Amino acid sequence: MALSASTLGLRRLLSATFSPSLKNLSVCATRDSSSIPQIEGIDNSNLPPLTTPKLFISGLSRITTDEKLKEAFSRYGQLLEAKVITDRASGRSKGFGFVKYGTIEEAEEARKGMNGHFLDGWVIFVDPAKSAAQKATAKQSEAYSSPSGVKANKTVGWCG
DNA sequence: GTTGAGCGTT
């Protein structure tokens with residue numbers, strides 16, 4: 001019950017703001033229109049502490065580039081790396097990327113600041129990046145829930 | 001040139 005509620009909640013909020021080319025802002029924007037970014041149903045204050053300064057960013061718009069990612073995340077600390085993963089064949093964004101900070105503290109701030117917020121009209125999710133070993137572990141324990149505190153790590157975006 | 005799951009290149 002609780003799962004579907006948050007999932008539905010997520011799906012309803014759509015893109016918003018910041019993009020001048022979007023006209024239906026009022027439809028998409030949340031009630032608190034002063035400084036939108038937060039999606040309903042996400043508690044960035046209740047997240048487990050990070051163990052790595054490297055973050056996995058999902059839900060990116062396909063028009064989001066390395067530079068845009070860097071711009072969005074550099075306010076939380078010094079970025080050692082910021083990369084949007086592109087398909088080697090087509091050269092276009094796969095819709096996710098990585099950012100790496102010098103310290104875990106900076107990464108924490110970035111996650112709290114950007115998880116569930118908007119970038120280029122799409123809701124992005126910020127999670128700790130996995131190492132190869134962590135990926136294997138995650139496969140074994142199926143009961144492991146979403147790192148971002150959202151059950152369905154689905155992307156939300158594009159209103160209208 | 002956007003429609004959507006997921007963990008990258010040396």
Side-chain angles (χ1 to χ4, degrees), chain A residues 3-4 6-25 27-29 37 39-42 44 47-74 76-102 104 106-108 110-112 114-160:
Chain A
L3 317 172
S4 44
S6 57
T7 302
L8 289 180
L10 260 188
R11 298 203 159 178
R12 299 172 89 189
L13 334 152
L14 301 180
S15 37
T17 64
F18 310 164
S19 182
S21 55
L22 293 179
K23 295 174 184 174
N24 351 356
L25 294 185
V27 182
C28 305
I39 301 191
E40 303 171 3
I42 292 189
N44 282 342
L47 296 173
L50 294 177
T51 57
T52 167
K54 188 193 257 183
L55 299 175
F56 170 66
I57 318 298
S58 58
L60 294 176
S61 164
R62 304 210 131 111
I63 68 172
T64 302
T65 62
D66 290 3
E67 288 193 359
K68 195 67 188 286
L69 194 66
K70 183 188 297 181
E71 285 179 19
F73 282 84
S74 61
Y76 301 101
Q78 184 182 5
L79 283 179
L80 303 184
E81 186 180 4
K83 178 174 288 183
V84 171
I85 303 307
T86 53
D87 184 76
R88 285 209 52 182
S90 66
R92 287 181 197 114
S93 170
K94 284 187 178 177
F96 66 90
F98 296 90
V99 295
K100 183 180 179 183
Y101 291 93
I104 293 183
E106 290 170 328
E108 292 269 18
R111 176 171 62 168
K112 284 188 287 189
M114 290 302 292
N115 187 35
H117 289 74
F118 294 90
L119 185 58
D120 282 334
W122 282 74
V123 176
I124 66 175
F125 295 99
V126 181
D127 289 311
K130 299 181 201 165
S131 66
Q134 287 170 328
K135 280 191 265 182
T137 305
K139 275 193 176 181
Q140 292 180 352
S141 57
E142 299 179 2
Y144 198 72
S145 56
S146 169
S148 40
V150 188
K151 182 60 179 179
N153 201 14
K154 296 268 174 77
T155 308
V156 183
W158 235 235
C159 36

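Throughout, a chain's letter reflects where its sequence line sits, starting with A, and its residues are numbered from 1. Quantities reported herein were computed from a predicted structural model and do not represent experimental measurements.
Distance CZ (A:Phe125) to P (B:dA5): 12 Å, rounded to an integer number of Å. If you take CG of A:Asp120 and P of B:dG4, they are 18 Å apart, rounded to a whole angstrom. In this structure, A:Phe96 atom CZ and B:dG6 atom C1' are separated by 6 Å, rounded to whole Å. Between A:Arg88 atom CZ and B:dT10 atom C1' the separation is 10 Å, expressed in whole Å. In this structure, A:Leu119 atom CG and B:dG4 atom C1' are separated by 15 Å, rounded to whole Å. Between the CG atom of A:Leu55 and the P atom of B:dC7 there is a distance of 16 Å, given to the nearest Å. One interatomic measurement links the two molecules: CH2 of A:Trp122 to P of B:dA5, which rounds to 9 Å at whole-angstrom precision. Atoms NZ (A:Lys54) and P (B:dG8) sit 9 Å apart, rounded to a whole Å.
Nearest approach of A:Thr52 to A:Ala107, heavy atoms of both residues: O-CB, 4.1 Å.
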ask   = What do the steps show when you test A:Lys70 against A:Glu67 for salt bridge (Lys or Arg N to Asp or Glu O under 4.0 Å), and what is the final call?
value = CA-CA 5 Å; A:Lys70 183 188 297 181; A:Glu67 288 193 359; over 6 Å; no
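Take A:Thr51 and apply the side chain to side chain donor-acceptor pair (under 3.5 Å) test, not counting sequence neighbours, and it matches no residue. With sequence neighbours excluded, the residues forming a ring pair (Phe, Tyr, Trp, His ring centres under 6.0 Å) with A:Phe96 are A:Phe56, listed by chain and number.
With distances taken from any side-chain atom of A:Arg62 to the nucleotides B:dT9, B:dG4, B:dC7, the minimum falls on B:dG4. Closest to the side chain of A:Glu81, from the set B:dA5, B:dG8, B:dC7, is B:dG8. The nucleotide whose nearest atom lies closest to any side-chain atom of A:Ile63 is, among B:dG8, B:dT2, B:dG6, B:dT2.
Of the two residues contacting DNA chain B, namely A:Lys83 and A:Arg92, the nearest-nucleotide position lying further toward the 5' end is that of A:Arg92.
Checked for salt-bridge contact, A:Lys68 and A:Glu71 miss the test: no charged N lies under 4.0 Å from a carboxylate O.
With hydrogens and angles ignored, no donor-acceptor pair closer than 3.5 Å exists between the side chain of A:Lys130 and the base of B:dG8.
In this structure, the aromatic ring of A:Phe98 is positioned over the six-membered ring of the base of B:dG8, centres within 5.5 Å and planes within 30°.
A:Lys94 has no side-chain polar atom (N or O) that falls below the 4.0 Å cut-off from OP1 or OP2 of B:dT2.
Within 4.0 Å (heavy atoms only), A:Lys100 reaches no atom of the nucleic acid at all.
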